[in-house]
Each structure stands twice: as structure tokens, then as C-alpha cells.
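Below: the structure, in C-alpha cells.
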There are 2 protein chains.
Amino acid sequence: MLPMNLELDFRSGIPIYIQLVERIKEMLAAGKLKPGDQLPTVRALALDLRVNFNTVARAYRLLDESGVISTQQGRGTYILEMPPPEVTENIRQKALEALTQRYLTDAARLGVSPEDLTKILQDQAADWQPGIDDNSN
Amino acid sequence: MLPMNLELDFRSGIPIYIQLVERIKEMLAAGKLKPGDQLPTVRALALDLRVNFNTVARAYRLLDESGVISTQQGRGTYILEMPPPEVTENIRQKALEALTQRYLTDAARLGVSPEDLTKILQDQAADWQPGIDDNSN
DNA sequence: ATCAAAATTGTATCATTGTCGCATTGTATT
DNA sequence: AATACAATGCGACAATGATACAATTTTGAT
């Protein structure tokens, strides 16, 4: 089962199940999830995220209804083989927007203004290489 | 749930919700409340104090806005973790770097170069306001 | 290989918790 | 007295949690 490095913001006021839907769509658009992949069970993911499994189930149901995943009682939930083609690019755009949105709000919580943030990004983007995901803290 | 030995003065002319904010801040300063502690539910505390639960909710909302507690619909309200000021700045820097790092790599996975990304950020930062995490899809 | 019991998975229903909009009350200002 | 405004109460609502249930797979005995 996939580890699902997912992070939630319990203070944002955005419902957990909405956050879950967004994150999973992002991961799909980003290729972190591929068609056929099995998602964690509602209970496993809920345990991992310290959330009630009904909340995860709700997110899965929404994703199922939008045709992104397939949830099957007694079996599990899987990424669909045909992530709606016309949707894919749409998802990519939205994912990118969401990514930026999250970046802005997270930074805002750290007390950084959008203006300063663009500078910071420029600096850090200058010496950036595809491989360096250090996270050494 | 904590017993919250709280006493209110209904004749003082000071609004209940203000008194509540003060008492809770005091208890926190006095160590009677610790980070992570769950406060009584708005209804439980309201019942205990013979007050309407909206009044308690109002006090909780103020405390939430000042970053003292975190209220989460459907879950409860909790005292926030508050790292000492010295470490805060250091943590802040590291968090900011990590944030930017994640932004860059995630975007790269979406096929966006650092250069394009800075443009995107600038655009989206232009019309950005603290509250708007729309999620309208 | 078969079949039934147990375990695992998602589903459904209801309780609990905080939020929101508006009504009511009380107090001060004119 | 009339009006305005802040504080509080009321009722409906959305998000999350708890519990029981149904569908499917897995396991184990025969």
C-alpha cells in the first residue's frame, strides 16, 4: 500500500475531506499516483492522518463520483485506468493553482508577504536542481 | 475533558466572553493548561457556567484568532503548541526553505520550470487575499 | 478442491462538535 | 422616550466521530 506522504492543515478551516480530495488530485496530476494504484484503506489512511475513517471515506466517495478513483466495498479503492482525459489537463492546471495557493497561505502563516515570497522563490530557484529533495531537518 | 474551575462575575459589567478569554489566558500562563490539552466543548462549558454556548464559542473564536487555541468543527478545541520565541525564527527559516523546496519539486513534477513557476507565483500573488482558499471544484 | 468462518474493506446512520444568521435583551446616548 | 448598539440566546446547519452493517477476500479445516 502506498505511504501517501500527505499533510493536512487542521487550522485552515478547510474541511479535511476537501483537503484530501485536493491532495489526491494533485498527487495524481503530479504522477505520484498512477492508474491502477491501490490507495490506502480508509482505516489505514485515517489512522495515519489521525482522522476518523469516515472522513477519508467521504473524500474517497467524492473522488469516486468525479470518476477519479473506484471504490469497491470489501476490495479497496483504486486509481482508475482512464483518468478522464479531458479532465487531466484541467486537473493539472488546478493542481498547479492549488499548489501556489498553498504556498502563499503557508508562507503567510509564517509571516511572509507575497512580495517577499516571490523574491525568496527566485533566490532559491536560482540554485535548484531536480534531484535535491534533502529535507534534512 | 478538563474540569475548568472557572468563575465568572455576572455583575461586573464585563462581557462574559471577555472574562472567558482572560481566564483561559491566565490558566495557560499559570500552567493549568498545557499545549495539546483539549478544552471543554462549547456546550459542556456553557452548561457548566450557566451560559449560552454561543458565548463560549465567541470566546473560543477570539482565542483562536489570537493563535492561543485551535478550534476545529466536529473535533473540538485544543491549546496550541507555542515554541519559545528564540527557536521560532530558526524554525521559521527552515520551514520557509522546506516550503519553497516542496513547491519547486512538486511543480517540476507537473512539468513546470523554476522560471515559469516564478511567473506563475507573481501572477497569482497579485490578486491574492489572506482568506481565499477557494477549492471551487 | 470445497466450503464455511474470520478478517478486511467500504457503507449507512446517527451522535457530537463548532459555525452561522437572526432574534432578543439590556444599556447607554440622544 | 426613542434610538442605537453591544451582549447574549435560539435554532438550523456543516464537519467530524462512533457504531453497526454489508460485500468481498482470505484462511483453514476437511
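A, B, ... follow the sequence lines: proteins, then strands. Residue 1 opens every chain.
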Using side chain to side chain contact (heavy atoms under 4.5 Å, CB included) as the criterion, list what pairs up with B:Ala57, not counting sequence neighbours.
B:Val42

Sugar-phosphate atoms are those with a prime plus P, OP1 and OP2; base atoms are the rest. Using that split, label each nucleotide of nucleotides 24-30 of chain C B, S or - for protein heavy atoms under 4.0 Å, 5' to 3'.
-------

List, one per line, each side-chain donor-acceptor pair under 3.5 Å for residues 116-126 of chain B, sequence neighbours excluded.
from	atom 1	to	atom 2	distance (Å)
B:Asp116	OD2	B:Ser113	OG	3.3
B:Thr118	OG1	B:Glu115	O	2.6
B:Gln124	NE2	A:Glu97	O	3.1

Salt bridge (Lys or Arg N to Asp or Glu O under 4.0 Å) partners of A:Asp106, counting only residues at least two apart
A:Arg109

Residue set satisfying salt bridge (Lys or Arg N to Asp or Glu O under 4.0 Å) with B:Glu7, at least two apart, ordered chain then number -> none

Filter on side chain to side chain donor-acceptor pair (under 3.5 Å), then keep only pairs touching residues 8-17 of chain B, sequence neighbours left out; what's left?
B:Ser12-B:Gln19, B:Tyr17-B:Arg58

In residues 39-61 of chain A, which residues come under 4.0 Å of DNA chain C by heavy atom?
A:Thr41, A:Val42, A:Arg43, A:Phe53, A:Asn54

Look at B:Thr71 and C:dT19 and indicate whether a side-chain polar atom (N or O) is within less than 4.0 Å of OP1 or OP2.
yes

Filter on salt bridge (charged side-chain N to carboxylate O under 4.0 Å, His left out), then keep only pairs touching residues 63-75 of chain A, sequence neighbours left out; what's left?
A:Arg61-A:Glu65

Quick test of your reading: applying salt bridge (charged side-chain N to carboxylate O under 4.0 Å, His left out), list the pairs with at least one residue in residues 42-53 of chain A, sequence neighbours left out, ordered by first then second residue.
none

What are the bounds, 5' to 3', of the part of DNA chain D that sits under 4.0 Å from heavy atoms of chain B?
D:dA7 to D:dG17

With sequence neighbours excluded, residues passing ring-ring contact (aromatic ring centres under 6.0 Å, His included) with B:Tyr60
none

Figure out the CG/P separation between B:Asp64 and C:dG18, and round it to whole Å.
12 Å

A:Thr100: partners by side-chain hydrogen bond (donor to acceptor under 3.5 Å, both in side chains), with sequence neighbours left out
B:Tyr103

Quick check: is A:Leu47 connected to A:Leu20 through a chain of hydrophobic side chains (ILVMFWY, heavy atoms under 4.5 Å apart)?
no

By nearest nucleotide on DNA chain D, pick out whichever of A:Arg75 and A:Ile16 is the more 5' one.
A:Ile16

